[in-house]
There are 2 protein chains.
Amino acid sequence: MHPYEEIRTEILRRINSQAWPAGFALPHEEKLAEEFGVARGTIRRALSPLVDAGLIERRRRAGTRVVGRKAHSSTLTIPVVRHEIERGGHAYGYKLLRSSLGDDARDDQGLFAGAPLRHIVSLHLSDGRPYQLEDRLVNLEAIPEARDADFSTVSPNEWLIARVPYSSVRTILRAEMPGTNDSKYLKLQRDEPVFVIERQTRLDGNILTLVRMAHPAHGFQMITATDDFQ
Amino acid sequence: MHPYEEIRTEILRRINSQAWPAGFALPHEEKLAEEFGVARGTIRRALSPLVDAGLIERRRRAGTRVVGRKAHSSTLTIPVVRHEIERGGHAYGYKLLRSSLGDDARDDQGLFAGAPLRHIVSLHLSDGRPYQLEDRLVNLEAIPEARDADFSTVSPNEWLIARVPYSSVRTILRAEMPGTNDSKYLKLQRDEPVFVIERQTRLDGNILTLVRMAHPAHGFQMITATDDFQ
DNA sequence: AAAATTTATATGTCTAAACATATTTTCGAG
DNA sequence: CTCGAAAATATGTTTAGACATATAAATTTT
């Protein structure tokens, strides 16, 4: 364990044990450097992830303070469906349900501003059972290669994620009563809702793709990784 | 804009423009330092968040490569309910429904290993309408002050988050058909599902609190912040 | 007493250099 | 030709120092 890690751990311990409670002003960098017998740079290195995580706050001249938390943050990772299913030890299946071209398809929100689109509906299966219904619009102006890509064996999800770089992602999570397509393809039980993940992917402001991924609620859950320290 | 930021932006541009496609080996640090006219440390500073974000991968002696993505990651922030509602410009309301002590309460999963518990059920309202049903178990061994805390005006959610430090959080998201309590308190429409957030909060392995937060699905959604650059 | 100015100070950025360490490549022994 | 040891190399950690900059605190001016 490197000095910067030990120092970070020790400072975390002090915060978590309330020895340094919310609002407490930490000794300044030079003092901490002296206490731990290292250079100032090493102290900065130990502290900066705590700043990023919002555990402490720093202001020039004012110093560093322990922050009282106001929210829980965690990282939500959405893997390629196939990986998710296979990692769970299940057999992955995939079926292309619909593929069409057009510029008026389903752009309810006018996000694509009339750009040519490809609309793909596909189904992901786990052990033969419907797992996710993927309904996707792809901006062909931004990703022209997607016009002729073959999505009958590889899902657009997987095709895109590896191939197309993006700079921002907006993910929306919802519980919904199933729509017509959901009921048709997901083999839902009576009164069973769907868990919907909707995602907009952008590159420098231009929207690349918009996708709605619907899961049968029963047995489906999302778990977020804990943004923690050790 | 500082040199390290400009360099990071330029490198991102090269990755996003596919000038440096997935698998591409970046020039090594000394070369980049020379190219940008800065010290090696500044190059490291520019690159390290890209490593954290999984955009590039580095191995000693082998160098640095652009990574083809395998998943979408984003940060899910769950604020205190009151803040969430007030930020939306709505009136916040709160009602304590039930509060009891005991060690056998509802610990279905045996997470608390027989520790004394406090069980609190409360309702959060937005403009007078039910917004969230909070059902919480608090470990009194870890947080003895919670035994006598008054949750009739301040929700346990808010009381805990500011007061009690934690080291890890596990959040589970689900769509569910409403249970008895959900139907009773959330004024659900016919066939309306609930969006459930379940959270376990720990400090150094010890579970502090377990909470189930149920939202009427209609009009509720979670949006994740985009883990992006610039 | 209030407002404007100056000073002090803690954090923020950057450098240049040394050394540590994982891993690949090279080279030599068998 | 194979295996193992040695060398080479890119990244990883740390230092000590210089300078930049935001802002709190002290001082002067109004």
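In what follows, chains are A, B, ... by sequence order, proteins preceding strands, each numbered from 1.
Between the A:R136 side chain and the A:P156 main chain, no donor and acceptor come within less than 3.5 Å of each other. Side-chain N or O atoms of A:N139 include one that pairs as donor or acceptor with a backbone N or O of A:E141 at under 3.5 Å. For the pair A:S167 (side chain) and A:D204 (backbone), a donor-acceptor distance under 3.5 Å is present.
Heavy-atom distances to DNA chain C give each of B:R40 and A:H2 a nearest nucleotide, and the one nearer the 5′ end belongs to B:R40. The 5' end of DNA chain D is approached more closely, in terms of each residue's nearest nucleotide, by B:V51 than by the other of A:R60 and B:V51. Mapping A:I43 and B:R58 onto DNA chain D via the closest heavy atom, the residue that lands nearer the 5' end is B:R58.
The nearest whole Å value for the distance from the CD atom in A:E6 to the C1' atom in D:dT14 is 14 Å. Taking atom CD of residue A:E5 and atom C1' of nucleotide D:dT13, one finds them 10 Å apart after rounding to whole Å. Atom CZ of A:F36 and atom C1' of D:dT15 are 18 Å apart (whole Å).
For D:dG12, the base has no donor-acceptor partner in the side chain of A:R45 [N/O atoms by modelled type, under 3.5 angstrom]. A donor and an acceptor atom never sit less than 3.5 Å apart when one is taken from the side chain of B:R59 and the other from the base of D:dA10.
Within residues 24-34 of chain B, the residues having any heavy atom under 4.0 Å from DNA chain D are, by residue number, B:H28, B:E29.
Look at B:T64 and you'll find a side-chain N or O under 4.0 angstrom from OP1 or OP2 of D:dT11. Phosphate contact (OP1/OP2 of D:dG12, side-chain N/O of B:R44, threshold under 4.0 Å): present.
In this view, A:E86 and A:R82 satisfy the salt bridge (charged side-chain N to carboxylate O under 4.0 Å, His left out) rule, not counting sequence neighbours. Not counting sequence neighbours, the partners of A:E29 by the side chain to side chain donor-acceptor pair (under 3.5 Å) test are A:R40, A:R44, A:R58. Partners of A:R65 under the salt bridge (charged side-chain N to carboxylate O under 4.0 Å, His left out) rule, at least two apart in sequence or in another chain, do not exist in this structure.
In this structure, a donor-acceptor pair under 3.5 Å is present between the side chains of B:Y131 and B:E84.
Using a cut-off of 4.0 Å between Lys/Arg side-chain N and Asp/Glu carboxylate O, B:E5 and B:R8 are scored as not salt-bridged.
Sorted by first and then second residue, the pairs that involve residues 140-170 of chain A and meet ring-ring contact (aromatic ring centres under 6.0 Å, His included), not counting sequence neighbours, are A:F151-A:W159, A:Y166-B:H72.
In 5' to 3' order, the nucleotides of DNA chain C bounding all contacts with chain B (an atom under 4.0 Å from a heavy atom) are C:dT13 to C:dT25.
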